[in-house]
Amino acid sequence: MDMHTVVVGTSGTTAQDVIAVARGNARVELSEAAVGALAAAREIVDALAAKPEPVYGVSTGFGALASRHISQDLRAQLQRNIVRSHAAGMGPRVEREVVRALMFLRLKTVASGRTGVRPEVAQTMADVLNAGITPVVHEYGSLGCSGDLAPLSHCALTLMGEGDAEGPDGTVRPAGELLAAHGITPVELREKEGLALLNGTDGMLGMLVMALADLKNLYTSADITAALSLEALLGTDKVLAPELHAIRPHPGQGASADNMLRVLAGSGLTGRHAEITGDAPRVQDAYSVRCAPQVNGAGRDTLDYAGIVAGRELASAVDNPVVLPDGRVESNGNFHGAPVAYVLDFLAIVAADLGSITERRTDRLLDKNRSHGLPPFLADDAGVDSGLMIAQYTQAALVSEMKRLAVPASADSIPSSAMQEDHVSMGWSAARKLRTAVDNLARIVAVELYAATRAIELRAAQGLTPAPASQAAIEALRAAGVQGPGPDRFLSPDLAAADAFVRAGKLVAAVEPVTGPLA
């Protein structure tokens, strides 16, 4: 395990810490302030639990059953039962990194001292994370209001020593066995605690944070591949001039144009269409080439907005009811996932559009009528060799699915809990489809990278000089084992290897020594 330690305090957490725990197996510790806040809030809950007056979540049922007052002798059973009954997820298992993010973010809210959970319950959550125990959580079961109920319930089952979980060796076993093997005592839930472990937007938020990190890499990679395609098509880099983007001052647009301009610096191909091909001078490149900064940049600005929402949510204590600083315990609607659901859907839309414009450039590279002297489908011997024809088919299939995934989940709502929860966010569904969209986008960008570098190599074979950054990208690809087609190599394109290269951030790392840090 990574020896990096994340300390959870009372004031939320950061995206970097979420990723460190979810993907890097960082250890988790509770701060002294968090332990103190947990104990203080618990005293308030215990005092309310001793009073005869009913308090929602402490001495009542939940949701549509909130009107029933629960006697003291049944309250522990009530807290166990809400976890057991809500652990009703179905479908495939959710990825380990998502479950770890879900658990860590729930711990973040618990540590705020606003939930009334005892310090020992919070410590058990940290212990489970540190032991590498991952509850089995299923794909379906959250409507995004009251938070991610079924996914969080399956996590809470593990804390109780019930249900199934995956150990650090990857084997799924009964949770009780795994806790015992790591010296962790199962928790016995008391008033308010079962509800507090279930009532949050933690799953959708965790997936948002990780998607933002992945998309940051993919947007920079897409700026690079757009520049490579522009170069291979003998396009003009004049449209990337800073003064042109200054008069339409969208920050993302300017950043993308600057990235592309720096990748193309020193190119012997850009702007030489008429000279190289003998055709009439080209006044303007196609939209997919000329408007890349506008499209990529609009997506970048959407990422920035989604990051603002994620930051606010990371600083939030999401539960119902909550313990306020003045000692009151009040109900609220902060568990509703609308703010997170909307930006998850926004990101799926911009990812689909980025995939679409990327595929159009690939198609242009492969079409001999529009590629300005490149062979059909970038084949070595067109007719005998189909080149990258079917690579573009694969890319087009991915783009088509991206468009379906861009249909917003948050525009839907379905009533539940006997009409008590009559308007839900569907944020979990938005997050799940965004994960698929991000995966697809990486593959789409990888296909353009494969085609554009192949085209630039063909130009170089004609005696033309690519930009130093382009040459660095090609050399890094080849060093990573991503082979291009050649006269004696009629094998399938290394698309999976190109995908891994992009996804790991290796494309950005390859060109930045030449270009300087890219946005």
Side-chain angles (χ1 to χ4, degrees), residues 217-241 256-273 275-277 285 289 292-293 296 358 361-362 364-366 371-375 378-380 387-388 391 442 445-489 493-495 497-519:
N217 168 54
L218 290 178
Y219 266 83
T220 304
S221 299
D223 289 342
I224 296 169
T225 60
L228 297 178
S229 291
L230 183 152
E231 184 177 32
L233 291 167
L234 309 178
T236 176
D237 59 359
K238 291 182 178 179
V239 297
L240 305 175
S256 286
D258 182 64
N259 283 350
M260 292 179 65
L261 196 59
R262 285 198 275 153
V263 170
L264 293 170
S267 173
L269 281 72
T270 56
R272 297 182 60 195
H273 167 262
E275 175 188 348
I276 293 170
T277 65
D285 292 310
V289 178
N296 294 18
T358 299
R361 288 190 297 267
T362 303
R364 186 166 288 271
L365 287 166
L366 271 54
S371 66
H372 312 293
L374 293 169
L378 303 179
D380 187 68
L388 302 185
V445 172
V447 174
E448 181 180 28
L449 173 64
Y450 195 87
T453 51
R454 163 66 172 163
I456 289 172
E457 285 183 314
L458 290 170
R459 298 290 193 196
Q462 299 168 354
L464 302 172
T465 304
S470 302
Q471 192 59 44
I474 293 169
E475 290 172 0
L477 266 177
R478 301 298 173 247
V482 184
Q483 297 302 312
D488 58 353
R489 188 180 179 279
D494 282 346
L495 300 183
D499 173 36
F501 184 84
V502 169
R503 203 178 289 259
K506 293 182 178 179
L507 176 59
V508 178
V511 304
E512 284 192 326
V514 179
T515 62
L518 298 174

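For clarity, every value in this text was computed on a predicted model and none was experimentally measured.
- Annotation: side-chain contact (heavy atoms from CB on, under 4.5 Å) contacts of A227 (sequence neighbours excluded): M260, V263, L264.
- Expressed to the nearest 0.5 Å, how far CG of L374 lies from CG of L458 amounts to 6.5 Å.
- Listed here is the closest heavy atom pair of F501 and A476: CE1-O, 3.6 Å.
- Note that the CG atom of L507 and the CG atom of L228 stand 7.0 Å from one another [nearest 0.5 Å].
- What you find for S229 and A452 is that their closest heavy atoms are OG-CB, 3.7 Å.
- Taking CZ of R361 as the reference point, atom CG of D285 lies at 11.5 Å (rounded to 0.5 Å).
- To the nearest 0.5 Å, the span separating CG on L269 from OG1 on T465 amounts to 8.0 Å.
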Please list every donor-acceptor pair under 3.5 Å in which a side-chain atom of residues 230-239 meets a protein atom from a residue at least two apart or in another chain.
| unit_1 | atom_1 | unit_2 | atom_2 | d |
| --- | --- | --- | --- | --- |
| E231 | OE1 | S470 | OG | 2.4 |
| E231 | OE2 | S267 | OG | 2.6 |
| E231 | OE2 | A467 | N | 2.7 |
| T236 | OG1 | K238 | N | 3.1 |

Discussion item. Would V482 and T453 count as a side-chain contact (heavy atoms from CB on, under 4.5 Å) here? Give the steps.
Written reply: CA-CA 11 Å; V482 184; T453 51; over 6 Å; no
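- For A500, there are no side-chain contact (heavy atoms from CB on, under 4.5 Å) partners at least two apart in sequence or on another chain.
- A pairwise comparison of heavy atoms in L240 and P293 identifies CD2-CG, 3.6 Å as the closest pair.
- Sequence neighbours left out, the pairs with a member in residues 500-511 that pass side-chain hydrogen bond (donor to acceptor under 3.5 Å, both in side chains) are D439-R503, D499-R503.
- Nearest heavy atoms, Q471 versus P466: OE1-CG, 4.0 Å.
- With sequence neighbours excluded, the residues forming a side chain to side chain donor-acceptor pair (under 3.5 Å) with D223 are S256, N259, N296, R300, listed by chain and number.
- The two atoms that bring A469 and V511 nearest to each other are O-CG1, 3.6 Å, heavy atoms only.
- The CZ atom of R364 sits 6.5 Å away from the NE2 atom of H372 when rounded to the nearest 0.5 Å.
- Listed here is the closest heavy atom pair of L378 and A451: CD1-O, 3.3 Å.
- Looking at T362, L366, L365 one by one, the single match for side chain to side chain contact (heavy atoms under 4.5 Å, CB included) with L388 turns out to be L366.
- When atom types are taken as modelled, the side chain of T225 and the backbone of A222 share a donor-acceptor pair closer than 3.5 angstrom.
- Taking CG of D380 as the reference point, atom CZ of R454 lies at 5.5 Å (rounded to 0.5 Å).
- Between the Y450 side chain and the Q483 main chain, a donor and an acceptor come within less than 3.5 Å of each other.
- Residue pairs meeting the salt bridge (Lys or Arg N to Asp or Glu O under 4.0 Å) criterion with at least one member in residues 459-477, sequence neighbours excluded, do not occur.
- Considering only residues two or more places apart in sequence or on other chains, V508 meets the side-chain contact (heavy atoms from CB on, under 4.5 Å) condition with N217, T220, S221, I224, E512.
- Considering only residues two or more places apart in sequence or on other chains, A509 meets the side-chain contact (heavy atoms from CB on, under 4.5 Å) condition with none of them.
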